[in-house]
Amino acid sequence: MPRALHRWDLDIAEARTVQTRLAARVETHDRLGQVRAIAGVDCGFEDDGRLTRAAVVVMRWPGLDVIESTLARVPTTFPYIPGYLSFREMPAILAAFKQLETRPDLLLCDGQGIAHPRRLGIACHLGLWLDRPAVGVGKSRLVGAFEPPGEEKGSSTPLVVHDETIGAVLRTRDRVRPLFVSPGHRIGVDSAARWVLDCAIRYRLPEPVHAADRLASSKSCGRN
DNA sequence: GCGACAG
DNA sequence: ATCTTGTCGC
């Protein structure tokens, strides 16, 4: 990646420019190898948001048993602004990945992929940075129009923007609010939704993300 | 100018 | 995201 894109102390205008430049590099078609390790990524906060906690939990596929997990606590340097989430959470997430020994074959990130105003949600940003296939798993909508999917687990409807399908609104549990799945990098909409559904066993969120979610939000429980 | 708005 | 108990439903 270009040197200019390796900084995180940017203002909104600069961040916007970075997003537009990086969005051109996002691959929206399947380009995955054999998937043996899936990483779930999520962040939590402490001290009223002044500290960001990023968690990565890697699970084996198939089986979804935990292989490894890391947790990083980093000072927060960017405010939460819809559309600029990656600039707030990526520093901590990258710190968590540096502690990781495993090389995940697929990343499931809490947040959007290309279902973003400039097609660069956090899953795209992370997927590009680590050069890994990545999927955005959002718990709510940022952009796009959709029709509510059926009430049963597995049903989904397309998430559309300007006549183009950018993701899927997927029900991962019967009668529970659907997830907003979109490609992050090196994967298409259908495969992205497929992987999320295949990893959704016990909760609304796919196992790897659920585990990362719990690790990132648990206060003073466990050493790191 | 008025809403919408990932975590 | 986070502050927080009980409570309704499968």
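Here the structure is a predicted model, which is why all the values come from computation and not from measurement. Just so we're on the same page: letters track the sequence lines, and every chain starts at 1. Computed over heavy atoms, backbone and side chain alike; hydrogens, waters and symmetry mates excluded.
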Student: Could you tell me the separation between the CZ atom of A/F146 and the P atom of B/dA6, rounded to a whole number of Å?
Tutor: 12 Å
Student: Name the closest nucleotide to the A/R141 side chain, picking from C/dA1, B/dG7, B/dC5.
Tutor: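 Per side-chain heavy atoms of A/R141, the pick is B/dC5.
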Student: Between A/S140 and B/dG7, is there a side-chain N or O to OP1/OP2 distance below 4.0 Å?
Tutor: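 Answer is yes, contact under 4.0 Å.
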Student: How long is the line joining CG of A/L51 and C1' of C/dT2, in whole Å?
Tutor: 14 Å
Student: When the ring planes of A/Y203 and A/H210 are compared, do they come out parallel, tilted or perpendicular, using 30° and 60° as the limits?
Tutor: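 A/Y203 vs A/H210 ring planes: parallel.
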Student: Report, as yes or no, whether the 6.0 Å neighbourhood of atom CG on A/D9 holds more than 12 heavy atoms from other residues, nucleotides or ligands.
Tutor: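 More than 12 within 6.0 Å, yes.
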Student: Under 4.0 Å, counting only non-hydrogen atoms across every strand here, what does A/D42 touch: a base, just sugar-phosphate, or nothing?
Tutor: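 Contact class for A/D42: sugar-phosphate only.
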Student: Calculate the interatomic distance between A/R119 atom CZ and B/dA6 atom P; express it in whole Å.
Tutor: 18 Å
Student: Near A/R16 CZ, under 6.0 Å, is it more than 12 heavy atoms from other residues, nucleotides or ligands?
Tutor: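 Count not over threshold, so no.
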Student: With the threshold set at 4.0 Å, does a side-chain nitrogen-carboxylate oxygen contact exist between A/E152 and A/R173?
Tutor: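 Between A/R173 and A/E152 there is no salt bridge, as every charged N stays at least 4.0 Å from the carboxylate O atoms.
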Student: Does A/C43 or A/R175 map to a spot on DNA chain C nearer the 5' end, using the closest nucleotide for each?
Tutor: A/C43
Student: What is the distance from CD1 of A/I81 to P of B/dA6, rounded to the nearest Å?
Tutor: 12 Å
Student: How would you label the contact of A/Y84 with the nucleic acid (heavy atoms, under 4.0 Å): base, sugar-phosphate, or nothing?
Tutor: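 Result for A/Y84 = base.
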Student: Tell me whether the guanidinium CZ or amine NZ of A/R88 lies under 6.0 angstrom from the six-membered ring centre of A/F45 and within 45° of its axis.
Tutor: yes
Student: So what's the dot-bracket for DNA chain C: Watson-Crick or G-U pairs under 3.5 Å, [ ] if a pair crosses, | if it pairs off-strand?
Tutor: ..........
Student: Given atom NZ of A/K139 and atom P of C/dT2, what is their separation to the nearest angstrom?
Tutor: 9 Å
Student: Report the distance from atom CZ of A/R214 to atom C1' of C/dA1, rounded to the nearest whole Å.
Tutor: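 Roughly 17 Å, once rounded to whole Å.
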Student: Under 4.0 angstrom, heavy atoms only, what part of the nucleic acid is A/D48 near: base, sugar-phosphate, or nothing?
Tutor: nothing
Student: A/R21 and A/Q19: side-chain donor and acceptor closer than 3.5 Å?
Tutor: no
Student: Measure from the ring centre of A/Y80 to the centre of the six-membered ring in the base of C/dA1, then say whether that distance is under 5.5 Å and the planes meet at under 30°.
Tutor: no
Student: Could you tell me how the ring of A/W195 sits relative to the ring of A/W61: parallel (under 30°), tilted (30 to 60°) or perpendicular (over 60°)?
Tutor: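 Ring orientation, 0 to 90° scale: perpendicular.
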Student: For DNA chain B, just give me the dot-bracket, please: Watson-Crick or G-U, both distances below 3.5 Å, ( ) intra-strand, [ ] crossing earlier pairs, | paired with another strand, . unpaired.
Tutor: .......
Student: Only one of A/L100, A/D105, A/I38 passes side-chain contact (heavy atoms from CB on, under 4.5 Å) with A/V58; say which it is.
Tutor: A/L100
Student: Can a salt bridge be assigned to the pair A/R214 and A/D42 using a cut-off of 4.0 Å between side-chain N and carboxylate O?
Tutor: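 No.
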Student: Nearest-Å distance, CZ (A/R177) to P (C/dG9)?
Tutor: 18 Å
Student: Under 4.0 angstrom, heavy atoms only, what part of the nucleic acid is A/G49 near: base, sugar-phosphate, or nothing?
Tutor: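 Nothing, no heavy atom under 4.0 Å.
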Student: So does A/P149 get a backbone contact from the side chain of A/S155, meaning a donor-acceptor N/O pair under 3.5 Å?
Tutor: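 Side chain of A/S155 to backbone of A/P149: no pair is present.
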Student: Check every strand shown and say whether A/G136 touches a base, only sugar-phosphate, or nothing at a heavy-atom separation below 4.0 Å.
Tutor: nothing
Student: Between C/dC3 atom P and A/F45 atom CZ, what is the distance in whole Å?
Tutor: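 So the CZ-P distance, A/F45 to C/dC3, works out to 12 Å.
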